[in-house]
S.K.: 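To start, I am sharing the structure in question, which I have written as structure tokens.
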2 protein chains.
Amino acid sequence: MGLREVKRERTRRLIADKAFELFSDNGFGRTTVEQIAAAAEVGPSTLYRYFPTKEGLVLEFVDDCLADAVDWFHQQPSMELPDGLRAVIERVLEQLEANPDRVRAVFDLAEQNGSVSAHLNELIWRFRNDLADVLIRRLPGDDLRNLEFVAALSAGIAMNVIENVVRVWVDHPGTVDAKTLARQAMRLLSSGGVPLPGTHDA
Amino acid sequence: MGLREVKRERTRRLIADKAFELFSDNGFGRTTVEQIAAAAEVGPSTLYRYFPTKEGLVLEFVDDCLADAVDWFHQQPSMELPDGLRAVIERVLEQLEANPDRVRAVFDLAEQNGSVSAHLNELIWRFRNDLADVLIRRLPGDDLRNLEFVAALSAGIAMNVIENVVRVWVDHPGTVDAKTLARQAMRLLSSGGVPLPGTHDA
DNA sequence: AGCCATATGGTAGTCACTACCAAAATCCTA
DNA sequence: TAGGATTTTGGTAGTGACTACCATATGGCT
């Protein structure tokens, strides 16, 4: 790895770190990209070469975690669907737990700013789609339309578990373990602890 | 109702209609709010008095549907959780089905533009939160933290069903009935047709 | 050292959105 | 129905995110 890439990584980290600093001090809305660029000692145009949007500064970490989990799952040997879902869920949570402060900061910013929240939700949505794509290839059956439907529902379940575990984990720091909570959620879902809406007709 | 409110409603509809027209002709990104305002024969500042953002022009209908469903559910007599979830799901789908073209247009725009997609996802996220709030009051138990958790998971399930049903419904127009599809999804979830991740430990 | 590829900073411009003010339209009452 | 109070409107000026572009500087290689 040449000096160039080292420097690029350093600049990228510097910009993101300064951004989080300013956001947590002054709030997302009251911080301009010019201020961030100045704090990182780069020009605004350089900042935009590293990050696509102001929100991207905040969300890159979560994005990386989710993208990594999809890639990882894609490379895993084939396994039964329930185990697969459990594996992705735990993989994502592990990745997020590796940097708890960043995760908390991201969720704080999303709570205080609608645009950050919107972009975060879109990120999650894309993850769900990507996960569904991977799932399609793992599911048996030949009715593609139905396969897509089941895969998307499954991906939605996984994301539902992840989101809610992270929320509790963020809201009550230190008192819960993410993986334990996730297993609790899965047990609730699979055992009927969360009553699912069935239909009574024939 | 005075003339004032009538005129206000007419202006509001006119702006939204012209916006959809321009968006579908030229795309969301290639349409400026000035063009929309000009087409509706109002000033840009008037447009912003009616709609908070450019994306709001697109999403107001969906927002209304979801908000209405939450209100409606809030006023319903108490019922068992599974039936309650089924009722909200069907209520939302009914509302959306009342204006299929608009729904399709919204999803087309969301697909072609990241910002619209982001705001749509945030809308959905807020609906899920609101629904969870209503659910909390309906669930038995006294452990608030666990109650919140179960309510959020349940709201997530409902939204998961709705999103996927709408997606299929939008992608394959005319070939499926939303309510039938929703019942199919619920049956899959509740009967284990979608294998849920359980845990094998003690 | 010197050449090539890439990274950077600055400029100018577009567009979404806000704050504000003066004029017009609506309504209410004497 | 005239006139004043209130709401609605359109315009102006400004901020800030983001883009396209270009000249310069910097690291990589022979």
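We name chains A, B, ... by the order of the sequence lines, and we start the count at 1 in each one.
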S.K.: What nucleotide, of D/dT19, C/dT8, C/dC17, holds the atom closest to the side chain of A/T11?
M.R.: C/dT8
S.K.: Let me know, please, whether B/T53 or A/E41 comes out on the 5' side of the other along DNA chain C by nearest nucleotide.
M.R.: A/E41
S.K.: How many Å lie between CZ on B/R8 and C1' on D/dT7, as a whole number?
M.R.: 9 Å
S.K.: It should be established whether B/K7 places a side-chain nitrogen or oxygen under 4.0 Å from OP1 or OP2 of nucleotide C/dT26.
M.R.: yes
S.K.: Can you tell which of C/dA7, C/dA16, D/dC18 lies closest to the side chain of A/K54?
M.R.: D/dC18
S.K.: Nearest whole angstrom, please: distance from the C1' of D/dG16 to the CG of A/N113.
M.R.: 14 Å
S.K.: Quick one: do B/E163 and A/R128 make a salt bridge, cutoff under 4.0 Å?
M.R.: yes
S.K.: Provide, to the nearest angstrom, the distance between the CD atom belonging to B/E5 and the C1' atom belonging to D/dT8.
M.R.: 13 Å
S.K.: Quick one: is C/dT8 close enough that its OP1 or OP2 comes under 4.0 Å of any side-chain N or O from A/Y50?
M.R.: yes
S.K.: Just call it for B/T31: base, sugar-phosphate, or nothing, with non-hydrogen atoms closer than 4.0 Å on any strand.
M.R.: sugar-phosphate
S.K.: Would you mind reading off the distance between A/Q35 atom CD and D/dA17 atom C1', rounded to a whole angstrom?
M.R.: 13 Å
S.K.: Rounded to whole Å, how long is the line connecting atom CD of B/E34 with atom C1' of D/dA13?
M.R.: 14 Å
S.K.: Rounding to a whole Å, what distance do you find between A/L47:CG and D/dG16:P?
M.R.: 16 Å
S.K.: Separation of A/Y48 atom OH from D/dG16 atom P, in whole Å?
M.R.: 12 Å
S.K.: Considering only heavy atoms from C-beta outward, does the side chain of A/L85 approach that of A/L135 to under 4.5 Å?
M.R.: yes
S.K.: Which nucleotide in the set C/dC15, D/dA17, D/dT9 lies at the smallest distance from any side-chain heavy atom of A/T32?
M.R.: D/dA17
S.K.: What is the distance, to the nearest angstrom, from the CG atom on B/L14 to the P atom on D/dT9?
M.R.: 12 Å
S.K.: So does A/Q76 have more than 12 non-hydrogen atoms from other groups sitting under 6.0 Å from CD?
M.R.: yes
S.K.: Please check the phosphate of C/dG10 (OP1 and OP2 only) for any side-chain N or O of A/S45 closer than 4.0 Å.
M.R.: no
S.K.: Would you say A/R4 places a side-chain N or O within less than 4.0 Å of OP1 or OP2 belonging to C/dA7?
M.R.: no
S.K.: Regarding B/R49, tell me which of base, sugar-phosphate or nothing describes its non-hydrogen contacts under 4.0 Å with the strands shown.
M.R.: base
S.K.: Within the 4.0 Å heavy-atom criterion, would you say A/F51 contacts the bases, only the backbone, or no part of the nucleic acid?
M.R.: nothing
S.K.: So, the side chain of A/N160 versus the backbone of A/G156: is there a donor-acceptor pair under 3.5 Å, distance only?
M.R.: no
S.K.: By nearest atom, which of the nucleotides D/dC18, C/dC17, C/dG9 is closest to the A/T46 side chain?
M.R.: C/dG9
S.K.: Taking 4.0 angstrom as the limit, do B/E97 and B/K179 come out as a salt bridge?
M.R.: no
